[in-house]
Amino acid sequence: RKEVEQDPGPFNVPEGATVAFNCTYSNSASQSFFWYRQDCRKEPKLLMSVYSSGNEDGRFTAQLNRASQYISLLIRDSKLSDSATYLCVVNLRGGYNKLIFGAGTRLAVHP
Amino acid sequence: DAGVIQSPRHEVTEMGQEVTLRCKPISGHNSLFWYRQTMMRGLELLIYFNNNVPIDDSGMPEDRFSAKMPNASFSTLKIQPSEPRDSAVYFCASRLPGLRDGYTFGSGTRLTVV
């Protein structure tokens, strides 16, 4: 089983739609969680951290369920500029904070 | 802040040649990571350094790959000899030590071995 698993997509949605991505992780000792965004032929960039109580940043909401080892990202009112690959990232417990990246979920927002 | 700086941006080389990729982390970041990204395998962690010391190189594919970090502001990833299957985008990333701190990636080096 992969350490971090995501639905690869692609998710094709119209502008204004709400879309949700899910991610599961295998190591119950994982301590911190992130969503990264990667545009085509660019480097990954931190979108948001994921906190235990859930957190929101504008149109983006992240949720964490430790019992189920499940993370989600909700995007409301999708924009064309949201088209990208979204990477689920998990920090394994240990002294040196190694981040493990999922393979990513591709989102395409169309007019 | 200039961010993580990688060079070169693109490299095309012939099989068997030595390739050296360079990275300058963000000043003050004490951890540095080298990743490789391909369509088939996604982002793979090759090696990471903490305070210039290599901590985990289990992701380095084979002896042809080596990495160094002689000081806090510079790291290299070397492939010798290079092979076509090494073609990928190589990213360097750095971070602060806090658990809540994500990585900052450089723009990557797109390597093509022909």
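Chain identifiers are assigned alphabetically (A, B, ...) following the order of the sequence lines, protein sequences preceding nucleic acid strands; residue numbering begins at 1 within each chain.
- A distance of 10.0 Å separates CZ in B:Phe105 from CG in A:Leu46, rounded to the nearest 0.5 Å.
- B:Phe74 and B:Val19 end up in different hydrophobic clusters when Ile, Leu, Val, Met, Phe, Trp and Tyr side chains are linked at under 4.5 Å.
- If you measure heavy-atom distances from B:Gln37 to chain A, the contacts under 4.5 Å come from the side chain alone.
- Residues A:Ile71 and A:Val19 share a single hydrophobic cluster, defined by chaining ILVMFWY side chains whose heavy atoms lie under 4.5 Å apart.
- Contact annotation: the side chain of B:Thr104 never approaches that of A:Glu43 to less than 4.5 Å [non-hydrogen atoms, C-beta and beyond].
- When heavy atoms are compared at a cutoff of 4.5 Å, B:Arg110 approaches chain A solely by way of its side chain, counted from C-beta outward.
- Surrounding CD of B:Glu14 are at most 12 heavy atoms belonging to other residues, nucleotides or ligands under 6.0 Å away.
- For B:Arg36, the CZ atom counts as densely surrounded, since its 6.0 Å shell holds more than 12 non-hydrogen atoms of other residues, nucleotides or ligands.
- You'll find the ring centres of A:Tyr36 and B:Tyr35 outside the 6.0 Å limit.
- When the shell of 6.0 Å around CG of B:Asp63 is examined, it contains 12 or fewer heavy atoms from other residues, nucleotides or ligands.
- A distance-only check finds no donor-acceptor pair linking the side chain of B:Tyr103 to the backbone of A:Pro44 [under 3.5 Å].
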